[in-house]
There are 2 protein chains.
Amino acid sequence: MSDVRWLSAEEQRVWRGFRTAVMKFTEHLDRQLQRDSGMPMAYYEILVALSEAPERALRMSELALACHSSRSRLSHAVAKLEKEGWVVRRACASDRRGSVAELTDEGFAVLEAAAPGHVTAVREQLFDVLTPAQLQSLREISAAMENGLAGECAQVRAEIGEF
Amino acid sequence: MSDVRWLSAEEQRVWRGFRTAVMKFTEHLDRQLQRDSGMPMAYYEILVALSEAPERALRMSELALACHSSRSRLSHAVAKLEKEGWVVRRACASDRRGSVAELTDEGFAVLEAAAPGHVTAVREQLFDVLTPAQLQSLREISAAMENGLAGECAQVRAEIGEF
DNA sequence: TCGGTCTGGTTGAACTCTCAACAAGAACAT
DNA sequence: ATGTTCTTGTTGAGAGTTCAACCAGACCGA
């Protein structure tokens, strides 16, 4: 079983450098948001997704898709947001299983207050340190990675389907 | 306070695409390791760092640096790894406060068993989907981001130092 | 119409991480 | 010496995530 395609020294450098940068970056953003607005980035993204939806409301499943979140995680998170008064849940009219999360005015206000600090952090740590050419590259790299993962997911689905 | 430099539509696309790609990628890697080797990626990285150290042992503080981890997180993690029998902790000879974590033979064996699957996942989802030019870009982008964050940290340190 | 299956969403337990508080030794000044 | 300060590492509590199990409604074929 030695047919593993190990990473070369150069590949290791790239991979570790990338991982380090991403870890520090997301940690920085998360800490900023937690400190200044009392919420983790995952919750911020839920509020953003809701704020951009018509009526500021989305079904849980659509919200999960928008936030790249599992149903379970989202369910717990929305429970917490509801306790804070930033979101309310109501039944879905067209599907009695469904549940719709809606951003409250208070939630919107909290989001408005949190946004400047978060956007500033993203700009300073991402856009201000990269050249336009690097941003273009980053766009392509992200797209390629996502495509690769989409393929992987399809493959997993196919495997599951076989059994 | 409207002097926030908001993101343009294009910048938002880049940022969201990047975030999505990274989230899905790390989730994929984490799930693979958890499923196939019963450990999260953070623990895998601890084992790797120890395996590369002389004597397969490192002081907790050095290990934390190597893993980009907080002392607290590392302490909890090593406690768990010790319970699994993959790591042992012993006192540090030169500094009586210190604590040294050492990889056991069993821990090394577990790491050896986990590595092929993890490396394969990284290769397939990162190196196989990017061109050499993109990899070169990624290297530069990672370096730029880390430099930016280093500056930010220095700034924070300076602020703290002022009070 | 009825049984089987699939989908949407929630829940609880186990696990991991964060944060603040703490203990103890080192470093250093007076 | 002695007291202050810094560093090292651990701990406990609280918060967030994951996973498996579950219920209920929708969907679909006989």
Side-chain angles (χ1 to χ4, degrees), chain A residues 23-24 26-46 58-84 87-101 157 160-161 163, chain B residues 23-24 26-46 57-84 87-102 157 160-161 163:
Chain A
M23 281 179 66
K24 290 191 177 175
T26 58
E27 190 192 330
H28 176 67
L29 293 184
D30 234 325
R31 202 183 298 280
Q32 182 277 324
L33 219 37
Q34 187 71 54
R35 174 170 43 84
D36 297 344
S37 306
M39 73 180 106
M41 193 158 27
Y43 289 12
Y44 178 86
E45 287 179 328
I46 292 172
L58 280 176
R59 281 194 60 165
M60 293 297 281
S61 52
E62 302 175 63
L63 187 51
L65 269 184
C67 298
H68 321 294
S69 169
S70 71
R71 292 181 195 294
S72 174
R73 174 161 71 194
L74 184 64
S75 203
H76 286 293
V78 168
K80 173 76 187 291
L81 293 175
E82 195 169 25
K83 211 175 293 174
E84 302 267 14
V87 161
V88 289
R89 266 184 293 200
R90 50 182 170 76
C92 173
S94 60
D95 185 338
R96 255 182 293 176
R97 293 168 300 181
S99 180
V100 175
R157 274 196 301 275
I160 291 172
F163 301 137
Chain B
M23 282 179 67
K24 291 190 176 175
T26 58
E27 190 193 330
H28 176 67
L29 293 184
D30 233 325
R31 202 182 299 279
Q32 182 276 324
L33 262 180
Q34 187 70 55
R35 173 170 43 85
D36 297 345
S37 306
M39 73 180 103
M41 193 160 24
Y43 290 12
Y44 177 86
E45 287 180 327
I46 292 172
L58 280 176
R59 281 194 60 165
M60 293 296 281
S61 53
E62 301 174 62
L63 187 51
L65 268 185
C67 298
H68 322 295
S69 170
S70 71
R71 292 183 199 291
S72 175
R73 174 161 71 196
L74 184 65
S75 202
H76 286 292
V78 168
K80 173 74 187 291
L81 293 175
E82 195 168 26
K83 211 174 294 174
E84 304 266 14
V87 161
V88 289
R89 267 183 291 200
R90 51 183 168 76
C92 173
S94 61
D95 184 338
R96 255 182 293 177
R97 293 168 300 181
S99 179
V100 175
E102 180 176 356
R157 274 197 299 276
I160 291 172
F163 301 135

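Small disclaimer: the values here were computed from a predicted structure and weren't measured. A note on names: the letters A, B, ... follow the listed sequences, proteins ahead of strands, and every chain is numbered from 1.
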Rounded to whole Å, the CE-C1' distance (Met60(A) to dA24(D)) equals 16 Å

Taken to the nearest whole Å, CG/Asp95(B) to C1'/dG9(D) is 10 Å

Whole-Å distance, Leu65(B) CG to dT8(D) P, equals 9 Å

To the nearest angstrom, the CZ-P distance between Arg35(B) and dC19(D) comes to 10 Å

Rounding to 0.5 Å, atoms NE2 (His76(A)) and NZ (Lys80(A)) come to a distance of 13.0 Å

Arg96(A) atom CZ is separated from dC27(D) atom P, nearest whole Å, by 12 Å

Query raised in the report: For Ser72(B), which contact category applies under a 4.0 Å heavy-atom criterion: base, sugar-phosphate, or nothing?
Result: base

Taken to the nearest 0.5 Å, the spacing of Glu45(A) CD from Leu63(A) CG works out to 11.0 Å

Result for 5'-nearest mapping on DNA chain C, choosing between His76(B) and Glu62(A), is Glu62(A)

- Is the phosphate of dT7(D), meaning OP1 or OP2, less than 4.0 Å from a side-chain N or O of Arg97(B)? no

field: Side-chain heavy-atom pair Arg89(A), Ser75(A) within 4.5 angstrom cut-off
entry: yes

Rounded to the nearest 0.5 angstrom, the CD1-CE distance for Ile46(B) and Met41(B) is 12.5 Å

Rounded to whole Å, CE of Met39(B) lies from P of dT18(D) at a distance of 18 Å

Rounded to whole Å, the CG-C1' distance (Asp30(B) to dT17(D)) equals 11 Å

In this structure, CZ of Arg97(A) is separated from CE of Met60(A) (nearest 0.5 Å) by 14.5 Å

- Message: Under 4.0 Å, heavy atoms only, any strand: does Ala77(A) hit a base, just the sugar-phosphate, or nothing?
- Response: nothing

Taken to the nearest 0.5 Å, the spacing of Ser69(A) OG from Met23(B) CE works out to 7.5 Å

Base, sugar-phosphate, or nothing: which does Ala79(A) touch, judged by heavy atoms less than 4.0 Å apart? nothing

request  = With heavy atoms under 4.0 Å as the rule, sort Ser75(A) into base, sugar-phosphate or nothing.
outcome  = base

Tell me what Arg89(B) touches on the nucleic acid: a base, only sugar-phosphate, or nothing, going by heavy atoms under 4.0 Å.
sugar-phosphate

Result for 5'-nearest mapping on DNA chain D, choosing between Lys80(A) and Ser94(A), is Lys80(A)

Nt span of DNA chain C in reach of chain B heavy atoms at under 4.0 Å, 5' end first, is dT16(C) to dA26(C)

Separation of dC23(D) atom C1' from Arg71(A) atom CZ, nearest Å, is 14 Å

The reported gap from CG in Leu29(B) to NZ in Lys24(B) (rounded to nearest 0.5 angstrom) is 14.5 Å

